[in-house]
Amino acid sequence: MGIFSKFKDGFQKGASAIRGVLGALGSGRLDQASLEELEEALYESDFGVETTEQILDEIREAHRKDKNLGGQGVVAIARTTLMQSLDGSEGLFQPGSANPEVVCLVGVNGSGKTTTCAKLGHRLQEEGRSVLLGACDTFRAAAVEQLRAWCDRLDLELVAGHHGADAAAVAFDAYAAAEGRQREVLLLDTAGRLHVKANLMEELAKMRRVLQKRNPDAPHHSWLVVDGSLGTNSLEQARVFHQKFGLTGLVVTKLDGSSKGGSLVAIYRELKLPIHFVGLGEAPEDLLPFSAERYVRSLFADPREEDAGE
């Protein structure tokens, strides 16, 4: 399956309302009723007020100039507007020469950090990188076992402590192991925490202080793993994590089962943090580098376009 097909299939639910409006419009002329249906579909997809109004304003202006504006014209306008909103959103992960380069995955409970950690490790290993994972979620009883099962399945190296161990100590040991084994990338899975719990946020700060005893620049990357199915409800978590921990990027998961695919735009517009990866399914291969173009094309599909298996 081509990469665009993965995006298109992954966002099938998120784009269903929009596709329904565009499909009904077809090559016919835009009218007030179809414009209102499109507005409802954009809000349903959780693009947020700012993005929704920007798209609609551009379409209204184009329709004022051309009363024959149809579905293909609407698609083109929406795509252009979204691409402008997502300018700079693609986070390219290029491990440097830190040896190891540390990526710390943070987020609330249930956002998908543990599976994302394993899938990211698998992806990097498939690209020829040497990777080590650190199981720093010592709070949730099954977290270490879950990550260990993924690592066994995907042939990944893991450093773990016992349930209830000090998470910062596990991070320290994982860094020492990655450095000693000359691994290029160290991925740290952390415990899910509510952004309003000060003591749990302090645990992240402690982990950073301990890592910086080994390398003053660690962690080199702090990525918030966001459950895309929560829509713009994720915004407040993202704001607080960014304020408390100094995020450098985002991973947006569970977009394949969500009708709120537009939330990705709202989160990026708010925080201007690059989106490194998106989760579009359960398989390891379904964690994909974020592509703004493929994302926009998947949500606003032109019926004339066929996937060329890119």
Side-chain angles (χ1 to χ4, degrees), residues 1-23 25 30 35 37-62 69-92 226 228-229 231-232 234 249-281 286-310:
M1 179 185 290
I3 295 177
F4 176 58
S5 288
K6 280 183 174 285
F7 268 77
K8 187 169 64 176
D9 292 348
F11 283 108
Q12 187 170 5
K13 186 175 180 180
S16 59
I18 296 171
R19 286 178 180 167
V21 176
L22 295 177
L25 183 57
L30 181 72
L35 188 61
E37 289 172 2
L38 179 59
E39 180 178 15
E40 183 178 343
L42 291 171
Y43 278 116
E44 183 180 327
S45 299
D46 229 352
F47 279 96
V49 174
E50 189 175 2
T51 301
T52 297
E53 289 303 313
Q54 186 176 0
I55 292 172
L56 292 172
D57 286 347
E58 293 292 338
I59 292 172
R60 291 188 187 102
E61 178 62 19
L69 183 70
Q72 293 169 4
V74 169
V75 167
I77 293 167
R79 285 181 175 181
T80 299
T81 305
L82 280 182
M83 287 300 294
Q84 291 171 350
S85 297
L86 289 170
D87 183 40
S89 63
E90 295 177 3
L92 299 177
V226 178
S229 67
T232 51
S234 302
L250 300 169
V251 178
V252 186
T253 63
K254 306 181 185 182
L255 285 167
D256 55 308
S258 172
S259 61
K260 300 180 182 296
S263 62
L264 184 151
V265 183
I267 293 170
Y268 176 72
R269 290 188 72 146
E270 169 80 15
L271 297 177
K272 292 299 182 185
L273 289 170
I275 303 164
H276 289 275
F277 294 91
V278 289
L280 296 173
D286 292 332
L287 182 72
L288 298 173
F290 176 62
S291 163
E293 181 184 359
R294 292 182 179 121
Y295 166 77
V296 170
R297 285 174 59 197
S298 299
L299 287 175
F300 288 88
D302 188 325
R304 301 172 303 172
E305 293 176 351
E306 296 288 337
D307 179 31
E310 58 187 283

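Contact detail for Glu90 and Glu293: the closest heavy-atom pair is OE2-N, 4.1 Å. The two residues Phe290 and Val278 come nearest to each other via the heavy atoms CD1-CG1, 3.8 Å. The shortest heavy-atom contact between Ser89 and Ala292 is OG-CB, 3.9 Å. Taking all atoms of both residues into account, the shortest heavy-atom contact from Tyr268 to Ile275 is CB-CD1, 4.2 Å. Closest heavy-atom contact between Phe47 and Ala266: O-CB, 3.6 Å.
Atom-to-atom distance recorded for Thr81:OG1 and Leu56:CG is 9.5 Å, nearest 0.5 angstrom. Taken to the nearest 0.5 Å, the OH atom of Tyr295 stands 7.0 Å off from the CG atom of Leu82. The CG atom of Leu264 sits 11.5 Å away from atom CG of Asp46, with the distance rounded to the nearest 0.5 Å. Note that CD of Glu44 is 11.5 Å distant from CD of Glu37, once rounded to the nearest 0.5 Å. Rounded to the nearest 0.5 Å, atoms CD (Gln84) and OG1 (Thr51) are 11.5 Å apart. Remark: Leu38 CG to Leu30 CG distance equals 8.0 Å, nearest 0.5 Å.
For the side-chain contact (heavy atoms from CB on, under 4.5 Å) test, residues two or more places apart in sequence or in another chain that qualify with Ala62 are Leu69, Ile77. For Glu40, there are no side chain to side chain donor-acceptor pair (under 3.5 Å) partners at least two apart in sequence or on another chain. In this structure, the side-chain contact (heavy atoms from CB on, under 4.5 Å) partners of Ser85, at least two apart in sequence or on a different chain, are Gln54, Val265, Arg269. Among residues two or more places apart in sequence or in another chain, the salt bridge (charged side-chain N to carboxylate O under 4.0 Å, His left out) test is passed with Glu270 by Arg239. Qualifying side-chain contact (heavy atoms from CB on, under 4.5 Å) partners for Ala41, counting only residues two or more places apart in sequence or in other chains: Ala17, Ile18, Val21. Not counting sequence neighbours, Glu39 has no partner by the side chain to side chain donor-acceptor pair (under 3.5 Å) test.
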List the steps, then state whether side-chain contact (heavy atoms from CB on, under 4.5 Å) holds for Leu280 with Leu288. CA-CA 8 Å; Leu280 296 173; Leu288 298 173; 3.8 Å; yes
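Remark: the backbone N or O of Val226 is paired with a side-chain donor or acceptor of Thr253 at under 3.5 angstrom.
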